[in-house]
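Since we're looking at a predicted model, the values are computed, not measured. In what follows, every chain begins at residue 1, and chains take the letters A, B, ... in the order their sequences are listed.
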Amino acid sequence: MILRMSTLFLRTLRDDPADAEVPSHRLLVRGGYVRRVAPGVFTWLPLGFLVYRNVEAIVRDEMDRAGFQEVHFPALLPREPYEQTNRWTEYGDTLFRLQDRKGSDYLLGPTHEEMFTLLVKGEYSSYKDLPLVIYQIQSKYRDEARPRAGILRGREFVMKDSYSFDIDDEGLARSYQRHRDAYISTFQRLGMDFVIVSAMSGAMGGSASEEFLAPTEVGEDSFVRCSSCDYAANVEAVLTPAPSPVDPTGVPAAHVEQTPETPTIETLVDLSNARTDLARADRPWNAGDTLKNVVFMVTAPDGVRAPLAIGVPGDREIDMKRLEAALQPGVAAVFDENDFAARSSLVKGYIGPGALGETSSSGIRYLLDPRVVDGTRWITGANEPGRHVFDLVAGRDFTGDGVIDVAEVREGDACPECGSDLLLARGIEIGHIFQLGRKYAEALDLKVLDESGRLVTVTMGSYGIGVSRAVAAIAEQSHDEKGLIWPREVAPADIHLIATGKSDEVFGVAERLADALSAHGVRVLFDDRRGVSPGVKFNDSELLGVPTIVVVGKRLEEGFVEVKDRRSGERQDIPVDDVVEVIRTIVAA
RNA sequence: CGGGGCGUAGCGUAGUGGCUAGCGCGCCUGCUUUGGGAGCAGGAGAUCGGGAGUUCGAAUCUCCCCGCCCCGACCA
């Protein structure tokens with residue numbers, strides 16, 4: 001393959017596009033790989049499409065190797081199946097909806113659980129047909145509230161989604177593991193740095209779930225990994241280990257104190273330390289000694305609203321993402337002025353356990369952070385303006401209605417597996433595998449006959465890879481200040497051959513070199529443009545990011561061609577006659 | 001949906017009521033140049049996001065609408 005830059009449909013930009021912030025977006029646009037068509041909607045140009053297809057080919061190859069079978073659904077789907085699983089409603093504004101000329105409702109598929117389930121239902125009816133895994137690589141549509149970062153988060157994107165169908169949980173576990181293994185090989189071949197983290201299964205429902213994240217600063221997902229063991233989890237799924245109960249013997253009885261003008265944790269701590277009668281003997285009070293009670297209004301999918309109070313140590317905020325994940329499919333919003341006005345027992349800034357709990361006068365469900373174990377003593381609200389209660393002991397003086405693990409996760413928190421420090425980082429979600437279970441099979445009545453002739457509901461798994469997103473994630477992980485640096489497996493070409501100079505000699509040698517390499521299966525991007533200055537060609541080659549750059553130019557007089565490694569910058573002069581062999585070796589490595 | 005920023009040629013931008021909307025990149029023609037985004041000369045390319053209004057006169061002021069970017073909310 002020879003791509004000639006003299007005729008290639010490509011225009012690189014000297015300036016960064018004004019609307020691109022993250023490196024992958026900036027470089028993919030500057031390098032002429034993609035162009036924006038509409039918010040979150042992009043066109044792949046020739047070089048970009050080559051990279052995209054390489055990524056897609058690797059994903060497909062690994063699926064096929066695993067024994068999975070490819071199908072292809074339409075992107076345009078009817079409303080009915082999504083009505084049956086309630087997702088026509090649950091997906092909300094994110095769903096692209098449209099109508100045909102008769103006024104019938106359609107949608108552009110955001111994901112295809114329903115369609116796969118119905119397809120299998122229509123064809124299979126026996127346990128002998130299972131297990132089955134089918135997949136597709138298809139454009140997905142989600143009307144995101146805020147598309148961002150170029151193709152990293154678009155409204156149209158390509159996803160590989162597969163679905164497994166098994167008769168029992170053991171089978172599902174095996175299908176899940178086959179995907180996990182296939183994903184590991186896939187991302188390794190894509191040349192990506194990735195971590196596998198425990199995840200919440202989210203809106204899809206289901207149980208076991210892991211995400212494949214590409215660590216990078218621009219990632220939208222936060223995750224932790226342990227500094228010593230191999231524990232890793234999305235922050236939404238991090239488990240906070242509960243400390244052992246403390247013996248409260250010797251802690252004075254709870255006592256209410258006047259604490260005027262202390263509606264915040266900070267003012268409360270300051271006042272407690274400033275008052276000699278309240279100060280601790282051994283050390284100053286700090287925010288972690290206080291118990292902060294935050295009230296939310298939770299809206300269930302059926303629209304029913306109920307308040308929920310959560311008690312966390314005062315030095316921690318509640319992480320809204322963790323809260324949302326814990327409350328799925330309910331949605332939480334912080335109490336607003338109207339909510340407070342309707343609940344006179346709640347004194348904003350001074351809410352305490354005394355007014356909370358299902359058996360209390362308010363009847364508000366009250367859940368506690370795992371750190372609030374029996375015997376721990378707290379300073380907390382006394383449910384009257386300007387008053388707090390001191391030495392309130394969990395288990396002795398108050399109890400919650402349960403535990404909820406939604407406080408913010410911080411670097412240095414204890415690993416739930418081994419207790420070492422957790423490290424916090426960000427990543428791009430490039431793959432997600434999870435065991436759906438029977439949610440969709442039940443909703444759409446997918447059953448097969450088992451060995452004893454009884455109808456049993458099939459159990460399913462769902463597994464996605466963001467194919468177009470992976471292109472951007474690779475760009476994000478693999479670039480420098482000059483441009484992109486593609487891993488060879490996904491690069492648009494193996495070598496970027498530059499002919500530079502005036503002489504026909506140089507161009508003639510380069511032509512013959514391009515032919516020879518191409519004949520050996522080396523993919524050549526050939527800068528055969530006449531009259532373009534060397535600086536432009538060098539800069540373009542660095543921007544475009546083909547892994548090996550070969551220059552036929554000045555040193556040809558002495559019989560040499562330069563071979564440069566894009567990533568390391570290392571260059572070597574190779575005698576003309578040896579170049580083909582040297583490059584073949586590099587490409588094969 | 002809330003907060004902030006912005007919309008002038010393919011790209012990046014200047015221009016706060018007054019001549020024909022300026023510049024750089026890119027593009028076209030000619031000559032020169034050829035190892036780090038070349039030089040000279042000539043040229044094409046703009047309904048100044050859209051609409052309404054104020055005014056003798058609007059890219060510039062007012063109102064409405066549309067769109068983009070960032071942060072938050074939301075989201076496999």
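- Among B/U33, B/C11, B/A76, the nucleotide with an atom closest to any side-chain atom of A/L13 is B/C11.
- Scanning both residues, A/P492 and A/L50, for their nearest heavy atoms gives O-CD1, 3.7 Å.
- Annotation: B/C6 and B/G49 have their C1' atoms spaced 12 Å apart (nearest Å).
- In this structure, the nucleotide among B/A38, B/A76, B/G35 sitting nearest to the side chain of A/S533 is B/A38.
- Note on A/R530: nothing from the nucleic acid sits closer than 4.0 angstrom, heavy atoms only.
- The closest side-chain heavy-atom distance from A/R87 to A/T111 is below 4.5 Å.
- Using a 4.0 Å heavy-atom cutoff across all strands shown, A/R555 reaches at least one base atom of the nucleic acid.
- With hydrogens and angles left out, the side-chain atoms of A/E113 and A/S462 include a donor and acceptor closer than 3.5 Å.
- Residues A/I310 and A/N293 have side chains not in contact (no heavy-atom distance under 4.5 Å, counting atoms from C-beta outward).
- Annotation: of the two residues near RNA chain B, A/K482 and A/R155, the 5′-most nearest-nucleotide partner is A/K482.
- For the P atoms, the distance linking B/G17 with B/G12 amounts to 27 Å, nearest Å.
- Counting to the nearest Å, the C1' atom of B/G35 and the CZ atom of A/F507 are 13 Å from each other.
- At the heavy-atom level, A/R571 lies under 4.0 Å from base atoms of the strands shown.
- Across B/G35 and B/C19, the matching P atoms stand 46 Å from one another, rounded to whole Å.
- For A/E411, the CD atom counts as densely surrounded, since its 6.0 Å shell holds more than 12 non-hydrogen atoms of other residues, nucleotides or ligands.
- A donor-acceptor pair shorter than 3.5 Å cannot be found between the side chains of A/S164 and A/R178.
- For A/K502, the listed nucleotide lying nearest its side chain is B/U34; candidates were B/U34, B/G12, B/A76.
- A/D16 comes within contact range of the sugar-phosphate backbone alone, with a heavy-atom separation under 4.0 Å but no base atom that close.
- Of the C1' atoms belonging to B/C61 and B/U16, the separation is 9 Å, rounded to the nearest Å.
- Listed candidates were B/G36, B/A76, B/G26. Nearest to the side chain of A/R11 is B/G26.
- Across B/G35, B/G36, B/A38, the shortest atom-to-atom separation from the side chain of A/E562 is found for B/G35.
- For the pair A/G464 and A/G40, both in contact range of RNA chain B, the more 5′-proximal nearest nucleotide belongs to A/G40.
- At a threshold of 4.0 angstrom between heavy atoms, the contacts of A/A149 are confined to the sugar-phosphate backbone, with no base atom among them.
- Using a 4.0 Å heavy-atom distance criterion, A/R36 is classed as a sugar-phosphate-only contact.
- For the C1' atom pair drawn from B/G72 and B/C63, the interatomic distance equals 29 Å after rounding to whole Å.
- If you check B/U33, B/G12, B/G36 against the side chain of A/D15, the one that comes closest is B/G12.
- Comparing B/A9 with B/G45, their C1' atoms sit 6 Å apart, to the nearest whole Å.
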